[in-house]
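Report on the following structure.
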Amino acid sequence: MSKETFDGLINNKIPILMTLTFDDNLIYGTLVYKRVGQAIKIVGSLENGNVLLHEFDSKTEVTGVYYGTKKGDEITGFWSKPNSEKEMSFSLKKASEIKIESAPINTTGTYNYSFGKEGGTGSLYVNQISKDKIIVEMQSLRGAPSYNQAIIEKTTLKLNGNQALYENNEFGKCKLKIIFFEGGATIVYQDEAFECGFGNAATVAGNYLKYDSKVPKFEKQD
């Protein structure tokens with residue numbers, strides 16, 4: 001794992017600073033618009049040189065999307081607001097880097113994301129009951145016009161470090177990996193096993209921000 005600081009500009013005139021932790025394909029950290037000065041949480045991924053980052057407000061709404069490419073010490077691409085066609089270029093250059101060790105975290109809590117009323121929402125509920133066991137429930141709602149649902153009912157998973165694997169063959173091959181980090185989680189498909197029985201184009205995969213650290217109330221009670 002490494003923690004790296006990047007300095008840069010949006011639209012060649014808006015100064016930004018990103019502090020990013022790179023953990024395998026996962027990226028997370030904070031973004032500061034220098035003229036504002038407030039740290040904003042960001043979560044995303046790096047795959048085959050392609051970078052995707054979501055910036056979140058305190059209510060777990062996605063307020064901006066960065067997508068582009070990482071080449072050496074530079075990340076370049078485009079920034080846009082969700083559900084908007086307007087985009088602006090951005091460029092970042094690495095200013096510093098340190099190596100860090102992965103540390104166990106308490107995964108219990110409620111994790112959310114929202115792209116606004118028309119853009120889709122998701123929730124992940126977690127109760128960590130031992131060092132290597134969690135109870136989870138997931139649900140997401142696709143945006144307009146279909147509002148299709150993706151639901152994984154309350155189930156117990158093995159926690160291996162800060163990761164858990166969900167597998168289900170009821171509708172075909174379904175395999176999802178949950179990767180936890182301090183303040184959030186990301187859910188990604190594994191081995192192209194997409195047949196999870198979700199509504200058309202709906203999915204629980206995505207980037208989630210931790211909204212609450214209390215034990216959540218699950219839909220399905222024992």
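This is a predicted model, so every value here is computed, not measured. All residue numbers refer to positions in the sequence shown, counting from 1. Below, all heavy atoms of this structure are taken into account, side chains as well, without hydrogens, waters or symmetry copies.
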If you look only at distance, which donor and acceptor atoms sit under 3.5 Å apart when one is on a side chain in residues 176-188 and the other is two or more places apart or in another chain?
residue : atom : partner : partner atom : Å
Thr186  : OG1  : Gly206  : O            : 3.3
Thr186  : OG1  : Asn207  : OD1          : 2.8

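Counting side-chain heavy-atom gaps under 4.5 Å among Ile, Leu, Val, Met, Phe, Trp and Tyr, Phe171 is found in no cluster with other residues. Side-chain heavy-atom separations under 4.5 angstrom define the hydrophobic clusters, and Tyr211 shares its cluster with no other residue. Apart from Leu20 itself, the hydrophobic cluster it occupies contains Phe6, Ile10, Ile14, Ile16, Met18, Phe22, Ile27, Leu31, Tyr33, Val36, Ile40, Ile42, Leu46, Val51, Leu53, Tyr66, Ile75, Trp79, Met88, Phe90, Leu92, where clustering links Ile, Leu, Val, Met, Phe, Trp and Tyr at side-chain heavy-atom distances under 4.5 Å.
A salt bridge (charged side-chain N to carboxylate O under 4.0 Å, His left out) check over residues 98-107, counting only residues at least two apart or in different chains, returns the pairs Glu97-Lys99. The side chain to side chain donor-acceptor pair (under 3.5 Å) analysis of residues 15-27, with sequence neighbours excluded, yields no pairs. Pairs engaging residues 117-168 under the ring pair (Phe, Tyr, Trp, His ring centres under 6.0 Å) rule: none recorded [sequence neighbours left out].
Partners of Asp191 according to the side-chain hydrogen bond (donor to acceptor under 3.5 Å, both in side chains) rule, which considers only residues two or more places apart in sequence or in another chain, are Lys175. Applying the side-chain hydrogen bond (donor to acceptor under 3.5 Å, both in side chains) test to Asn50 and every residue at least two apart in sequence or in another chain returns nothing. Partners of Ser2 according to the side-chain hydrogen bond (donor to acceptor under 3.5 Å, both in side chains) rule, which considers only residues two or more places apart in sequence or in another chain, are Glu4. Judged as a salt bridge (charged side-chain N to carboxylate O under 4.0 Å, His left out), and not counting sequence neighbours, the contacts of Lys93 are Glu74. Annotation: side-chain hydrogen bond (donor to acceptor under 3.5 Å, both in side chains) contacts of Thr108 (sequence neighbours excluded): Asn106.
A distance-only check finds a donor-acceptor pair linking the side chain of Asp57 to the backbone of Thr60 [under 3.5 Å].
Ile105 and Leu26 fall within a single hydrophobic cluster, where Ile, Leu, Val, Met, Phe, Trp and Tyr side chains are chained together by heavy-atom contacts under 4.5 Å.
Here the CD-CG distance, from Glu118 to Asn83, works out to 8.0 Å after rounding to the nearest 0.5 Å.
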